[in-house]
Amino acid sequence: MSRGSTGYDRHITIFSPEGRLYQVEYAFKAAKSNGSTAVAVRGPDAVCFVTQHKVPDKLTDPSSVTQIYTITKHIGMLVMGMLGDARSLVQKARSESAEFRFKYGYEVPVHHLARVLADQAQVYTQHAYMRPLGVIPILIAMDEERGPQLFKVDPAGYFVGYKATAAGVKETEAVSILEKKLKSGAGSNQNEMLELAISTLQHVLGEDLKASDIEVGLASAHNAGHFRVLTRTELDEHLAAISEKE
């Protein structure tokens with residue numbers, strides 16, 4: 001079949017002459033389309049992530065909008081990007097987790113789930129008729145054998161474990177701050193780790209945040225390794241502690 005024949009080019013992924021894969025580049029841009037930034041930090045006995053709580057307009061019920069999802073009782077996922085794609089990915093993650101538990105009799109390890117999501121994302125880059133999801137998920141969990149775990153998966157299918165990471169519009173600035181603070185020994189306990197993540201987000205946004213402006217997810221050894229979302233009261237306490245230090 002000739003290159004110009006129907007049924008050939010539209011079923012393969014085309015690289016540009018410069019070697020660029022535009023559909024993946026567009027997916028990375030889409031992951032930043034909502035204008036949010038997220039920060040994640042791993043400590044010695046806990047791991048957390050924090051992101052902006054953005055509501056589309058004044059008529060939207062804030063409680064119906066979130067970027068943080070519970071996958072299993074131990075795994076939490078923050079998804080940056082297009083809300084529809086995020087919900088599709090969350091459904092996939094929950095389905096894979098349930099299938100793993102049914103097959104093997106124990107909860108899916110977070111590193112395995114991250115690999116499954118990365119493999120799926122990579123498959124989406126191989127065919128022109130498959131659109132890569134415009135999202136970047138960050139997964140956290142307390143693993144029984146490995147302790148606190150933090151992974152980020154990108155639309156190209158790349159994933160790796162982190163001590164700290166960021167995603168979104170201000171990703172580069174946040175990573176730079178995290179590198180400096182972790183080098184100085186910050187985040188040595190759960191409270192310090194949480195306040196490091198929140199203060200980093202505040203710094204890159206250049207504004208003082210209220211409890212209603214952010215969402216924070218935490219997986220901690222102090223809570224039997226279970227994942228949970230912090231309450232407004234807890235957020236107020238951490239924000240007050242940050243203000244006192246500054």
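Since the model is a prediction, treat every value here as computed from it, not as a measurement. Nothing fancy with the numbering, it's 1 onward along the sequence. Side chains are part of it too, since the values below use all heavy atoms of this structure and drop only hydrogens, waters and symmetry mates.
I138 places a side-chain heavy atom less than 4.5 Å from the side chain of L150. A 4.5 Å side-chain heavy-atom check between L194 and E234 finds every atom pair outside the cut-off. Counting heavy atoms from C-beta outward, V47 and Q149 have side chains that stay 4.5 Å or more apart. The shortest distance between side-chain heavy atoms of R131 and D85 falls below 4.5 Å. Counting only heavy atoms from C-beta outward, the side chains of T72 and R101 never approach each other to under 4.5 Å. With contacts defined as side-chain heavy-atom distances shorter than 4.5 Å, the pair I136/K152 qualifies. Here the side chains of Q202 and L239 are in contact, with some heavy-atom distance below 4.5 Å. Taking 4.5 Å as the limit, every side-chain heavy atom of V116 sits out of range of all side-chain heavy atoms of Q120.
Around atom NZ of K163, no more than 12 heavy atoms belonging to other residues, nucleotides or ligands sit under 6.0 Å away. In this structure, E25 places its CD atom where more than 12 heavy-atom neighbours from other residues, nucleotides or ligands lie under 6.0 Å away. Residue-environment remark: NE2 (H203) stays at or below the threshold of 12 foreign heavy atoms within 6.0 Å. Under a cut-off of 6.0 angstrom, the local environment of CG in N191 is crowded, with over 12 non-hydrogen atoms contributed by other residues, nucleotides or ligands. Residue K103 places its NZ atom among 12 or fewer non-hydrogen atoms of other residues, nucleotides or ligands, all under 6.0 Å distant. Atom CZ of R115 has 12 or fewer neighbouring heavy atoms from other residues, nucleotides or ligands inside a 6.0 Å radius.
Cluster annotation: F28 and V175 are assigned to distinct hydrophobic clusters (Ile/Leu/Val/Met/Phe/Trp/Tyr, side-chain heavy-atom contacts under 4.5 Å, transitive). Hydrophobic clustering, with ILVMFWY side chains joined whenever heavy atoms are under 4.5 angstrom apart, keeps V216 apart from Y69. Criterion: ILVMFWY side-chain heavy atoms under 4.5 Å apart, direct or through other members. Under it, L182 and Y162 are not part of a common hydrophobic cluster. A chain of hydrophobic side-chain contacts below 4.5 Å, direct or via other Ile, Leu, Val, Met, Phe, Trp or Tyr residues, connects V41 to L209. Under the 4.5 Å side-chain heavy-atom criterion for grouping Ile, Leu, Val, Met, Phe, Trp and Tyr, V135 is connected to M130 within one hydrophobic cluster.
With no hydrogens or angles considered, no side-chain donor-acceptor pair links H53 and E215 at under 3.5 Å. There is a side-chain donor-acceptor pair under 3.5 Å between T125 and Q122. There is a side-chain donor-acceptor pair under 3.5 Å between D57 and T60.
Taken to the nearest 0.5 Å, the CZ atom of F49 stands 8.0 Å off from the CG atom of L139. Between atom CE of residue M142 and atom CG of residue L218 there is a gap of 9.5 Å, rounded to the nearest 0.5 Å. In this structure, CD1 on I68 lies 7.5 Å from CD1 on I140, to the nearest 0.5 angstrom. Atom NZ in K32 sits 5.5 Å away from atom CD in E171 (nearest 0.5 Å). With rounding to the nearest 0.5 Å, the separation of CE in M82 from CZ in R87 is 12.5 Å. Here the straight-line distance linking atom CE of M77 with atom CG of L117 works out to 6.0 Å at 0.5 Å rounding.
Closest of all the heavy-atom pairs between T200 and L196 is OG1-O, 2.7 Å. Heavy-atom minimum distance, M193 versus A46: SD-O, 3.2 Å. Between A164 and L178 the shortest heavy-atom distance is CB-CD1, 4.0 Å. In terms of heavy-atom proximity, P132 sits nearest to P155 at CB-O, 4.4 Å. When every heavy atom of V169 is checked against every heavy atom of E173, the shortest pair comes out as O-OE1, 4.4 Å. When all heavy atoms of P109 and D143 are compared, the closest pair comes out as CB-OD2, 4.0 Å.
Below 30°, between 30° and 60°, or above 60°: for F151 and H111 the angle between ring planes is between 30° and 60°, a tilted geometry. Between Y26 and Y22, the two ring planes are parallel [angle under 30°; tilted spans 30° to 60°].
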How far apart are the C-alpha atoms of E144 and Y106, what are their side-chain angles, what is the distance that settles it, and do they pass the side-chain contact (heavy atoms from CB on, under 4.5 Å) test? CA-CA 11 Å; E144 291 183 1; Y106 63 94; over 6 Å; no
Decide side-chain contact (heavy atoms from CB on, under 4.5 Å) for K73 and E107; before the verdict, give the C-alpha distance in whole Å, the side-chain angles of both, and the deciding distance to 0.1 Å. CA-CA 9 Å; K73 63 182 180 180; E107 295 287 352; 4.0 Å; yes
For S199 and K245, run side-chain contact (heavy atoms from CB on, under 4.5 Å): C-alpha distance rounded to whole Å, both residues' side-chain angles, the deciding distance at 0.1 Å, then the answer. CA-CA 10 Å; S199 64; K245 289 178 182 178; over 6 Å; no
side-chain contact (heavy atoms from CB on, under 4.5 Å) for N34 and Q67? Distances and angles first, verdict last. CA-CA 11 Å; N34 64 355; Q67 294 184 90; 3.1 Å; yes
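Here the side chain of Q52 pairs no donor or acceptor atom with the backbone of L201 at under 3.5 angstrom. Judged purely by atom type and a 3.5 angstrom limit, S97 uses its side chain to pair as donor or acceptor with the backbone of A93. No donor-acceptor pair closer than 3.5 Å links the side chain of N223 to the backbone N or O of S220. One N or O on the side chain of T51 and one on the backbone of T37 form a donor-acceptor pair closer than 3.5 Å. Between the side chain of S33 and the main chain of A30, a donor-acceptor pair closer than 3.5 Å is present. Looking at H74, its side chain does come within 3.5 Å of a backbone N or O of G225 through a donor-acceptor pair.
At a threshold of 4.0 Å, the pair E179-K183 does not count as salt-bridged, since none of the basic side-chain nitrogens sits closer than that to a carboxylate oxygen.
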